[in-house]
Number of protein chains: 2
Amino acid sequence: MEFETEKNAGAEVFGRFRLTVDCVVFGLDFAANSLKLLLVRRGEEPFKDCWALPGGFVYGDEETPDAARRNLERKTGLTDVFLEQLYTFDSLTRDPRAGSGLNADVDRIVSVAYYALVSPEKHRLQESGGGNATDAKWFGVDDLESLDCLAFDHERIIETAIARLRGKLSYVPIGFELLERKFTLKQLRRVYEIVLGRRLESSNFRRRALGMGILEPLEDRQQSVAHRPAQLYRFNEERYRQLVASGFDFEL
Amino acid sequence: MEFETEKNAGAEVFGRFRLTVDCVVFGLDFAANSLKLLLVRRGEEPFKDCWALPGGFVYGDEETPDAARRNLERKTGLTDVFLEQLYTFDSLTRDPRAGSGLNADVDRIVSVAYYALVSPEKHRLQESGGGNATDAKWFGVDDLESLDCLAFDHERIIETAIARLRGKLSYVPIGFELLERKFTLKQLRRVYEIVLGRRLESSNFRRRALGMGILEPLEDRQQSVAHRPAQLYRFNEERYRQLVASGFDFEL
DNA sequence: AATACTTAATGTCATTTTGACATTAACCTT
DNA sequence: AAGGTTAATGTCAAAATGACATTAAGTATT
């Protein structure tokens, strides 16, 4: 084996890295009919005053999902969100801080990106909570061009996340994560319509959504609307696991 | 902003990492009707003599796809394979080398895993080529339990890769990567059958495969078979890109 | 040379799924 | 009580699917 060669090839052949996490936080704006994501304004160089994904460095004794949640709360106040690893970005030029200042001792700064789905109830940012959730703001995914600047390679991370969300929504039922626990079929449909960017015929959507067998009708119905109240449903996670285990398809 | 706090919180708050890449290399064994993957035998501690995914440490000036290809060639002799990032594994306990020996200066060793698809022509390992492609061996994905030991968290990486391959094959045409450039529809069907693990009706498969519009029939046909020779096709990548751009679905 | 054999390629058809639209139901407002 | 609004269900033609039958084009056998 060549391991010996590796080991003896001088002290510092292998790179030294710092890891960061970055979170692409998605939320739906039902009023504006648009998919939004959460950015924070950077307070320091590099990219001072630019918008950036909430994130930060990873501790030595911390796994990246924990780091993602910690930094998300620190920067935005959000907790208990659906979170999944997106992709790891390690372009040589992505972070100019490598090799200087506090990072003088590392060759590279690599980011493990996550994406998060946030329900409307959490959509409103806690301006209050002791943290510095200030300077966090929702942007429509179609309004990002209008931003003066976006830090690091975050534009690319965002593009990757949008593609992943669209792709995943079509065959994994994650749309619920963007809704309250109780929801109507119309609300669920609008999740799909906003994310996928096209109209879905309501009665056909109903047929398919209910046909998956993971929507559980609840006792109560929509309240105080000036028309026939809609049935409320919840996502039956247990049933979902059963169906996944038995090799079921959730394409919608 | 809390950035100031971060910066001033003492010299070594943030973790120091080494990065490795690990490659899950898939190949098809048409004779045995099975999906195989390539493992190498470790020559040193930890996990000495265990089987492991081909991989290695990432250099400071090297991006992970390059590191993956470099280590893949070094350990197995394989070059020019289809390669895609799989997932980043960063469990606190995944690599016992962190903090000792040559890695005394790092807190963690994190692996960015890739998966590779190999065509039958490359399937035979170059035993000759100057490198140390020795001790690399193909294993059926269903025979992994019989292995005495599998290094690090590589079992989990492999499980993740198999799930990804199955999922991706169903809606992205990557099956071609497991075949020669020219192939018959039967060969393509067998790729799907072996990977997905179920029989597909041949005439219906033909209808769908040709219906996608990305298979280009070639001049020549199958040679010297004791029956009607099959048409040879190639994957039309250009046409594929067009269709992707126009929002086409490649579910099979 | 005729026949058998094998797999490729195409065709058929009943069933299921889909997409578009119509109808009825249940609430509120006036 | 009538009208307005959206929920929920029903209808139906068209398209897609799955199972199977038939024809095509080679080699091997007699």
Side-chain angles (χ1 to χ4, degrees), chain A residues 30-31 33 169-171 173 175 179-180 182-194 196-235 243 247-252, chain B residues 30-31 33 169-171 173 175 179-180 182-194 196-235 243 247-252:
Chain A
F30 289 97
N33 242 335
L169 187 70
S170 304
Y171 64 98
L179 290 172
E180 327 266 329
K182 298 178 179 184
F183 52 86
T184 67
L185 281 173
K186 181 177 187 179
Q187 290 172 323
L188 183 60
R189 174 165 55 88
R190 303 220 28 230
V191 171
Y192 282 79
E193 289 182 336
I194 292 173
L196 300 180
R198 59 193 167 89
R199 290 233 146 275
L200 298 172
E201 207 286 318
S202 71
S203 87
N204 298 334
F205 179 85
R206 169 185 306 271
R207 184 167 54 198
R208 301 175 74 163
L210 292 178
M212 298 195 308
I214 54 179
L215 294 186
E216 185 178 322
L218 299 171
E219 293 300 317
D220 39 353
R221 311 176 165 253
Q222 215 175 17
Q223 294 293 327
S224 52
V225 283
H227 55 77
R228 177 174 177 173
Q231 175 71 56
L232 288 172
Y233 293 87
R234 75 173 187 91
F235 173 53
L243 288 170
F248 193 81
D249 235 15
F250 291 94
E251 207 199 340
L252 231 165
Chain B
F30 289 97
N33 244 337
L169 187 70
S170 304
Y171 65 99
L179 290 171
E180 326 264 330
K182 299 177 179 184
F183 52 85
T184 67
L185 280 173
K186 180 177 187 179
Q187 291 173 322
L188 183 61
R189 175 165 54 88
R190 301 209 42 222
V191 171
Y192 282 79
E193 290 182 336
I194 292 173
L196 301 180
R198 59 193 168 89
R199 290 231 146 277
L200 299 173
E201 207 284 319
S202 70
S203 86
N204 297 333
F205 179 85
R206 170 185 304 271
R207 185 168 54 198
R208 301 174 74 163
L210 292 177
M212 298 195 308
I214 54 178
L215 293 187
E216 184 178 324
L218 299 171
E219 293 300 317
D220 39 353
R221 313 179 163 249
Q222 214 175 17
Q223 295 293 326
S224 51
V225 282
H227 55 78
R228 176 175 178 174
Q231 174 72 55
L232 289 172
Y233 294 87
R234 76 174 187 89
F235 173 55
L243 288 171
F248 194 80
D249 237 14
F250 290 94
E251 206 197 342
L252 232 166

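Just so it is clear, the structure is predicted and the values come from calculations on it, not from any experiment. Throughout, a chain's letter reflects where its sequence line sits, starting with A, and its residues are numbered from 1.
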Original post:
When the distance from CZ of A:R228 to P of C:dT29 is rounded to whole Å, what number comes out?
Top reply: 18 Å
Subject >> A:R221 CZ to C:dA26 P, straight-line distance once rounded to whole Å >> reply: 9 Å
Subject >> Whole angstrom value for the distance that separates P of D:dG26 from CG of B:D220 >> reply: 14 Å
Subject >> DNA chain C: 5'-proximal contact among A:N204 and A:A226 (nearest heavy atom) >> reply: A:N204
Original post:
Quick one: does B:S203 reach the base of D:dG18 with a side-chain donor-acceptor pair under 3.5 Å?
Top reply: no
Subject >> Donor-acceptor under 3.5 Å (B:Q222 side chain, B:L232 main chain) >> reply: no
Original post:
Taking CD from B:Q223 and P from C:dT6, how many angstroms apart are they, rounded to a whole number?
Top reply: 22 Å
Original post:
In whole Å, what is the span from the CD atom of A:Q231 to the P atom of D:dT6?
Top reply: 19 Å
**OP:** Please tell me which of A:V225 and B:Y233 maps to the more 5' nucleotide of DNA chain C, matching each residue to the nucleotide holding its nearest heavy atom.
**Re:** B:Y233
Original post:
So which of B:R207, B:E201, B:R206 actually passes side-chain hydrogen bond (donor to acceptor under 3.5 Å, both in side chains) with B:S203?
Top reply: B:E201
Subject >> Side chain to side chain, A:Y171 and A:D249, heavy atoms closer than 4.5 Å >> reply: no
Subject >> Nearest-nucleotide 5' precedence on DNA chain D, A:Q222 against A:E201 >> reply: A:Q222
Subject >> Atom-to-atom span, NE2 of A:H227 to C1' of C:dT24 - whole angstrom >> reply: 16 Å
Original post:
Is it true that a side-chain atom of A:E216 and a backbone atom of A:R234 form a donor plus acceptor pair closer than 3.5 Å?
Top reply: no
Original post:
Can you check the B:F205 CZ to D:dA16 C1' distance for me, whole Å?
Top reply: 17 Å
Original post:
Looking at B:R207, does any N or O in its side chain come under 4.0 Å of the phosphate oxygens OP1/OP2 on C:dG11?
Top reply: no
Original post:
Does some side-chain heavy atom of B:R190 sit less than 4.5 Å from a side-chain heavy atom of B:Q187?
Top reply: no
**OP:** Tell whether A:S224 reaches the base of C:dC28 with its side chain through a donor-acceptor pair below 3.5 angstrom.
**Re:** no
Subject >> Side-chain N or O of B:R208 closer than 4.0 Å to phosphate OP1/OP2 of D:dG18 >> reply: yes
Original post:
Looking for any heavy atom pair under 4.0 Å, which part of the strands does A:R206 touch: base, sugar-phosphate only, or nothing?
Top reply: base
**OP:** Nearest whole angstrom, please: distance from the P of D:dA8 to the CG of A:L210.
**Re:** 9 Å
**OP:** Among the candidates D:dA25, D:dA8, C:dA8, find the nucleotide nearest to the side-chain atoms of B:A230.
**Re:** C:dA8
